[in-house]
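Below is one structure, written out as structure tokens; comments come after it.
Only this structure's heavy atoms are used, side chains among them; waters, hydrogens and symmetry mates stay out. Predicted, not measured: the structure shown is a model, and the values here were computed from it. Just so we're on the same page: letters track the sequence lines, and every chain starts at 1.
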Protein chains: 2
Amino acid sequence: MPELSQFTAEFFKALSHPLRIRVLDALRQGEVGVNELSLRLQVEQTTLSQQLAVLRKSNIVVGRKEGQNVYYSIRDPEIIHLLDNARRIFNNHLIDIRDLLEQLSPGVEKSSP
Amino acid sequence: MPELSQFTAEFFKALSHPLRIRVLDALRQGEVGVNELSLRLQVEQTTLSQQLAVLRKSNIVVGRKEGQNVYYSIRDPEIIHLLDNARRIFNNHLIDIRDLLEQLSPGVEKSSP
DNA sequence: TAAGTACATACAAATATTCGCATATAACAA
DNA sequence: TTGTTATATGCGAATATTTGTATGTACTTA
């Protein structure tokens, strides 16, 4: 089934941008309006809206309009777990590297005076 | 910590290509040589090697050279779980859509005669 | 050594993504 | 109606990714 790999790849592609990741992190505790979001993340509103559009098209995020504001939230809390798992994976790998370096030259942990 | 979102995004970017996903699926049961892989996936060897290089650079996959062959495997089995979780997420979402359609026009499941 | 097999890489053209800027829309206020 | 605020979108330039073609390297066998 070649479509499945297509869908899977597109899903990950939606997560493959630093700002989009920062948005998701900001939405961990619940919905946030676009205005506050652009203040918190220190990005132009237009840039933010563009990346929100990407997340919306992939159904990772939903917007709820209230008055003149739009409040965004993560559609499925499993996405948070996915983020955390991804980080655990490459964290493990960094630990592996640290261990390797430790083996090569023991005791050279931090370069502080 | 803006670097973390960078790393996270790069990690996902490595997973954001259909062929790379198909490679990972092929490596689920264990290591596979490049030659067999290109036969199984029906892609040119050069295309495969290029995408393997991407997966290698992101430390998602490792190659083990034996004679003139290189056997690739997934570095961390957690990556398999990550794939499965991602699929579960957008599968849930597809189910949501099906339910929604069902609500709108009940009983119109399949368009068979 | 020469030739063949397995895999990797360099480069350029085609394609896709991102960013900044301008503009559009929608809700609200005066 | 006009103006203002909040958000979205269209477009072009800059940038990154993908793909095909050619070539490189390493191992093996004759």
Side-chain angles (χ1 to χ4, degrees), chain A residues 2-3 5-24 26-27 30-75, chain B residues 2-3 5-24 26-27 30-75:
Chain A
E3 315 151 7
S5 54
Q6 271 279 356
F7 286 141
T8 312
E10 273 165 33
F11 177 79
F12 284 126
K13 184 180 282 186
L15 299 174
S16 71
H17 190 285
L19 180 52
R20 297 199 289 266
I21 295 292
R22 295 211 292 141
V23 166
L24 294 179
L27 299 184
E31 46 169 39
V32 181
V34 176
N35 205 8
E36 191 187 336
L37 208 49
S38 82
L39 287 173
R40 278 207 221 169
L41 303 181
Q42 292 280 85
V43 290
E44 300 263 346
Q45 175 270 317
T46 186
T47 303
L48 181 56
S49 271
Q50 280 172 101
Q51 300 307 326
L52 282 170
V54 175
L55 290 171
R56 239 187 301 123
K57 272 169 207 155
S58 317
N59 290 295
I60 289 170
V61 119
V62 253
R64 179 180 65 82
K65 191 157 194 174
E66 183 184 314
Q68 38 189 342
N69 298 333
V70 178
Y71 295 93
Y72 276 91
S73 57
I74 297 179
R75 185 192 284 269
Chain B
E3 316 150 7
S5 54
Q6 271 280 355
F7 287 141
T8 313
E10 273 165 33
F11 177 79
F12 284 126
K13 184 180 283 186
L15 299 174
S16 71
H17 189 284
L19 181 53
R20 296 199 291 264
I21 295 292
R22 296 212 291 143
V23 166
L24 294 179
L27 299 184
E31 47 170 37
V32 182
V34 177
N35 204 7
E36 191 188 334
L37 207 48
S38 83
L39 287 174
R40 279 207 221 169
L41 303 182
Q42 293 279 84
V43 290
E44 300 263 346
Q45 175 269 317
T46 185
T47 304
L48 181 58
S49 272
Q50 281 170 148
Q51 300 309 326
L52 281 170
V54 175
L55 290 172
R56 237 187 304 123
K57 272 169 207 154
S58 318
N59 290 294
I60 289 170
V61 118
V62 253
R64 178 179 67 83
K65 191 157 193 174
E66 181 184 315
Q68 39 189 341
N69 298 333
V70 178
Y71 296 93
Y72 276 90
S73 57
I74 297 180
R75 185 191 283 269

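Rounded to whole Å, atom P of C:dT9 lies 11 Å from atom CG of B:Leu52. In this structure, B:Leu41 atom CG and C:dC7 atom P are separated by 13 Å, rounded to whole Å. One interatomic measurement links the two molecules: CG of A:Leu48 to P of D:dT9, which rounds to 13 Å at whole-angstrom precision. Taking atom CG of residue B:Leu37 and atom C1' of nucleotide C:dC7, one finds them 12 Å apart after rounding to whole Å. The CD atom of A:Glu44 sits 16 Å away from the P atom of C:dT23 (whole-angstrom rounding).
Under the rule for a side chain to side chain contact (heavy atoms under 4.5 Å, CB included), the partners of A:Glu66 that lie at least two apart in sequence or sit in another chain are A:Arg64, A:Tyr71. In this structure A:Arg40 satisfies the salt bridge (charged side-chain N to carboxylate O under 4.0 Å, His left out) test together with A:Glu36, sequence neighbours excluded. Taking A:Ser38 as the reference, A:Asn35, A:Leu48 meet the side chain to side chain contact (heavy atoms under 4.5 Å, CB included) condition, with sequence neighbours excluded. When the salt bridge (charged side-chain N to carboxylate O under 4.0 Å, His left out) test is applied to A:Glu44, no partner is found at least two apart in sequence or on another chain. Legend: residues meeting salt bridge (charged side-chain N to carboxylate O under 4.0 Å, His left out) with B:Glu10, ordered by chain and number and at least two apart, are absent. Listed by chain and residue number, A:Ser49 satisfy the side-chain hydrogen bond (donor to acceptor under 3.5 Å, both in side chains) test with A:Gln45 (two or more places apart in sequence, or in another chain). For B:Lys65, the side chain to side chain contact (heavy atoms under 4.5 Å, CB included) criterion is met by B:Val70, not counting sequence neighbours. Residues satisfying the side-chain hydrogen bond (donor to acceptor under 3.5 Å, both in side chains) criterion with A:Ser16, sequence neighbours excluded, are absent altogether.
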Under 3.5 Å, which N/O atoms of the protein pair with N/O atoms of nucleotides 25-29 of chain C?
none

With the criterion being N/O to N/O and under 3.5 Å, what pairs connect the protein with nucleotides 12-19 of chain D, and how long is each?
| from | atom 1 | to | atom 2 | distance (Å) |
| --- | --- | --- | --- | --- |
| D:dT17 | OP1 | B:Lys13 | NZ | 3.1 |
| D:dT18 | OP2 | B:Arg20 | NH1 | 3.4 |
| D:dT19 | OP2 | B:His17 | NE2 | 3.2 |

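Of the possible donor and acceptor atoms, none in the side chain of B:Arg20 sits under 3.5 Å from a partner among the backbone N and O of B:Leu55.
A:Tyr72 comes within 4.0 angstrom of sugar-phosphate atoms only, judged by non-hydrogen atoms across all strands, and of no base.
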Please tabulate, for side-chain N and O atoms in residues 56-63 of chain A, each donor-acceptor pair with protein atoms closer than 3.5 Å (sequence neighbours left out).
| from | atom 1 | to | atom 2 | distance (Å) |
| --- | --- | --- | --- | --- |
| A:Arg56 | NE | A:Tyr72 | OH | 2.9 |
| A:Ser58 | OG | A:Val54 | O | 3.0 |
| A:Asn59 | OD1 | A:Arg75 | NH2 | 3.0 |
| A:Asn59 | OD1 | B:His93 | NE2 | 3.4 |

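Between A:Arg56 and the phosphate of D:dT9, there is a side-chain N or O to OP1/OP2 separation shorter than 4.0 Å.
Among the nucleotides C:dC7, D:dT9, D:dT21, the one closest to the side chain of B:Asn35 is C:dC7.
For A:Gln45 against D:dA8, a side-chain-to-base donor-acceptor contact under 3.5 Å is present. Side-chain N/O atoms of A:Thr46 and base N/O atoms of C:dC21 include a donor-acceptor pair closer than 3.5 Å.
For the helix from C:dT1-D:dA30 to C:dA30-D:dT1, the angle separating the two terminal helix axes comes to 10°, with each axis derived from five pairs and the value rounded to 10°.
Summarising the geometry of A:Leu41 relative to A:Arg22, their closest heavy-atom pair is O-NH2, 3.1 Å, with the distance given to 0.1 Å.
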